[in-house]
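Here is the structure we will look at.
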2 protein chains.
Amino acid sequence: MSRSTSTKSRASGRVTLSDVARLAGVAPMTASRAINQPELVSSLLRQRVEQAVQELGYVPNRAARALASAQSNVIVVLVPSLSNTVFTAVLQGIQDVLDADNYQVLIGNTRYSDAEEEKLLNIYMQSNPDGILLCGLTHSPRVQQMLATSKVPVVSMMDLSDDPAQLCVGFSQLDAGETMTRYLIDKGRRRIGFMGAQLDERTLKRREGYRKAMMDAGLADPQLELMVPDPSTIALGAELLGRMLARVPDCDAIFCCNDDLAHGAVYQCQRRGIAVPERLAICGFNDLPASAWMKPSLTTVGTPRYRIGYEAATMLRAAIRGEVPAQTHLDLGFTLMARESA
Amino acid sequence: MSRSTSTKSRASGRVTLSDVARLAGVAPMTASRAINQPELVSSLLRQRVEQAVQELGYVPNRAARALASAQSNVIVVLVPSLSNTVFTAVLQGIQDVLDADNYQVLIGNTRYSDAEEEKLLNIYMQSNPDGILLCGLTHSPRVQQMLATSKVPVVSMMDLSDDPAQLCVGFSQLDAGETMTRYLIDKGRRRIGFMGAQLDERTLKRREGYRKAMMDAGLADPQLELMVPDPSTIALGAELLGRMLARVPDCDAIFCCNDDLAHGAVYQCQRRGIAVPERLAICGFNDLPASAWMKPSLTTVGTPRYRIGYEAATMLRAAIRGEVPAQTHLDLGFTLMARESA
DNA sequence: CTGAAAGCGCTTACAG
DNA sequence: CTGAAAGCGCTTACAG
């Protein structure tokens with residue numbers, strides 16, 4: 001696999017801009033312009049360059065461009081999970097904005113781990129990103145420091161910050177948790193359990209809302225909270241339902257921190273012959289596709305995940321361009337979906 | 001926001017390797033070695049460099065490294081969907097192999113479109129990837145040409161190729177489709193429908209297997225095939241079930257090309273009071289988490305998606321290192337999951 | 001509208 | 001084990 005020439009050159013063998021320029025009979029600078037800012041080049045030269053590009057199959061070298069221009073056109077997105085469709089919908093929204101714009105989106109999966117987030121961000125900072133999209137408001141001190149010193153624009157997704165300076169797009173997880181709980185209380189439920197898994201920031205916020213509503217109604221009871229750090233799955237929901245009923249036999253409703261858990265709880269009730277919602281009301285969070293179709297259909301909270309990604313990317317792009325944002329906090333709201341299960 | 005110095009410098013203001021070297025009192029080359037190949041540097045200088053890195057908060061510039069070394073450490077992965085958990089599991093397997101290795105994984109979502117695949121690959125080739133991971137065996141001529149001329153190692157995922165030279169990891173989609181159909185025939189079903197959506201390569205291969213089994217049993221009937229190009233969803237499965245029964249009233253089993261469709265079909269049967277499996281057997285493909293838990297539980301085909309990603313990434317890494325693969329085709333098989341619905 | 005020069009921040013390929 | 005020189009493939013910042 002030796003090079004055909006015997007020079008000591010480190011050339012990669014790939015076609016470069018200089019090759020294109022030579023074939024087109026112009027300076028590399030002109031070839032560069034013809035490709036990136038064609039309106040600045042006479043149509044004659046532009047055509048000659050375009051033809052040379054075609055003929056040689058020229059592919060620009062992104063690393064060289066990034067180095068010379070000090071602009072990477074890279075956007076880093078860190079999500080806590082790829083198996084949770086909530087975040088893949090967020091990613092879809094992001095890509096729909098950014099793909100069209102010649103941005104390269106680096107997707108990192110933090111697996112709900114602060115340490116992993118730190119590690120990924122550390123690696124991705126090497127790519128000198130133009131902007132960063134994160135999930136949630138709380139991050140490790142080192143992550144906060146990295147972001148602060150880099151001065152790269154950041155938009156936080158999913159929740160709304162208390163800090164007015166922080167760019168964020170989402171909805172109040174706390175309000176949503178409170179709203180769902182009040183709905184159950186209004187339906188006459190009294191012994192309302194809360195089932196939480198993963199114990200990520202959003203689950204804890206939803207529980208805060210649950211607590212607030214229970215407290216206000218004078219129904220609070222620590223026994224009613226069942227929290228485990230395991231990842232949310234249907235299987236876990238099925239298991240936790242059993243544990244909840246064993247611990248609180250008179251439990252008459254369960255607010256699951258997300259739909260996966262709720263699905264598992266409903267399926268478990270079907271197996272055990274527990275009537276939903278008559279004997280036990282069950283509700284979830286996020287409104288996954290199956291929730292509307294299963295029997296009984298699931299009462300849950302609809303969340304604007306696709307739009308969160310879409311609007312966050314739009315806001316980030318504006319920030320990168322140095323535009324002053326019309327608003328730093330974009331509240332996209334949530335929707336209570338009252339169905340058969342509660 | 002002007003620079004503090006009045007030089008014409010294009011310097012980005014970021015800390016560079018030279019800054020580290022200066023502070024450590026060594027040449028940039030030595031600083032580079034201390035960071036990337038520490039075993040080649042005396043422990044004294046190594047420590048001085050490490051301290052300088054800490055003190056300055058040095059972050060290496062990946063673009064500069066890629067340009068100088070002609071090695072990007074980028075791996076491109078193209079999947080047809082991010083909302084389908086099959087592919088997010090594949091990605092998980094890939095990341096578990098590659099994240100540890102300082103590779104940067106670029107994830108592209110082709111949305112089941114050849115044109116989009118072509119566009120994404122075109123853009124990603126600018127990053128000069130060390131290797132590429134694709135889903136499926138068939139690609140547009142231009143994609144094939146790009147891959148051929150670039151000489152970048154490629155591993156195909158999901159199915160097994162007829163071409164012995166093509167690196168691939170997966171299982172026979174055709175055999176799986178045939179196996180599931182024979183299972184239904186062996187159960188005494190005669191009017192077995194096939195419901196397919198998206199019409200991607202894998203769905204068509206599964207249908208081929210279905211046809212083969214039906215033909216062999218003398219049960220083939222074009223009326224039994226219901227194929228639509230729309231994306232697979234639960235809602236679509238529910239709708240298609242209605243259309244299938246309207247068209248083939250004596251249909252006694254339905255093989256859905258994937259679990260989403262099957263879930264929708266089962267839910268629709270529940271709504272219409274159609275007994276599953278007594279009146280109508282329903283089965284799916286992929287064994288998503290809900291399939292084992294729903295009532296009736298879903299008969300389906302278990303597929304090794306995480307392992308496909310894991311093994312494909314492992315094979316690609318070996319190919320990048322120039323190792324001769326022990327085998328070019330890795331068949332990970334599939335498992336018929338016989339449950340309640342069929 | 002076009003181009004010659006310099007430089008982005010690293011690593012290769014030597015030489016000592 | 002250490003380092004001076006050159007170069008990777010582009011774009012910036014000028015100058016004409």
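A, B, ... follow the sequence lines: proteins, then strands. Residue 1 opens every chain.
- Using a 4.0 Å cut-off between a side-chain N of Lys or Arg and a carboxylate O of Asp or Glu, A/Asp130 and A/Arg317 do not qualify as a salt bridge.
- Residue B/Asn73 contributes atom CG, which lies 14 Å from atom C1' of C/dC10 at whole-angstrom precision.
- Phosphate contact (OP1/OP2 of D/dC1, side-chain N/O of B/Ser42, threshold under 4.0 Å): absent.
- Both B/Met29 and A/Arg65 sit near DNA chain D, but only B/Met29 has its closest nucleotide nearer the 5' end.
- Among the atoms of the strands shown, base atoms are found under 4.0 Å from some heavy atom of B/Ala64.
- As rounded to whole Å, 10 Å separates atom C1' of C/dT11 from atom CG of B/Leu67.
- Across the protein-nucleic acid pair, A/Arg33 atom CZ and D/dT11 atom C1' stand 10 Å apart, rounded to whole Å.
- Between B/Asn61 and C/dC8, a side-chain N or O to OP1/OP2 separation shorter than 4.0 Å is absent.
- For the pair B/Leu40 CG and D/dT2 P, the interatomic distance rounds to 10 Å; values are reported in whole Å.
- Residue A/Arg62 is classed as having no contact, given no heavy-atom separation below 4.0 Å to the nucleic acid.
- The nucleotide whose nearest atom lies closest to any side-chain atom of B/Ala27 is, among D/dC10, D/dG3, C/dG3, D/dG3.
- As rounded to whole Å, 6 Å separates atom P of D/dT11 from atom CG of A/Leu17.
- As rounded to whole Å, 11 Å separates atom C1' of C/dG9 from atom CG of A/Asn128.
- When each of C/dG9, D/dC10, C/dG3 is scored by its nearest atom to the side-chain atoms of B/Ala68, the top-ranked nucleotide is C/dG9.
- Remark: DNA chain C forms stems of 3 or more consecutive Watson-Crick or G-U wobble pairs, all pair distances under 3.5 Å, at C:1-3 with D:14-16, C:5-12 with D:5-12, C:14-16 with D:1-3.
- Contact annotation: B/Ser32 side-chain N/O to C/dT11 OP1/OP2 distance is under 4.0 Å.
- Look at B/Arg321 and B/Asp101 and you find a salt bridge, because one of the NZ, NE, NH1 or NH2 atoms lies within 4.0 Å of a carboxylate O, short of that distance.
- Using modelled atom types and a 3.5 Å distance limit, the side chains of B/Gln51 and B/Arg46 yield no donor-acceptor pair.
- The side chain to side chain contact (heavy atoms under 4.5 Å, CB included) with B/Tyr103 is formed by just one residue from the set B/Val74, B/Ile320, B/Val97; it is B/Ile320.
- Rounding to whole angstrom units, CD of residue B/Gln71 and P of C/dA13 are separated by 12 Å.
- Between A/Arg307 and A/Asp96 there is no salt bridge, since no side-chain nitrogen of the basic residue lies less than 4.0 Å from a carboxylate oxygen of the acidic one.
- Atom C1' of nucleotide D/dG9 and atom CG of A/Leu56 are separated by 15 Å, given to the nearest angstrom.
- B/Gln166 and B/Ser156 are linked by a side-chain donor-acceptor pair at a separation below 3.5 angstrom, with hydrogens and angles left out of the test.
- Side-chain atoms of B/Glu116 and B/Thr110 include no donor-acceptor pair closer than 3.5 Å.
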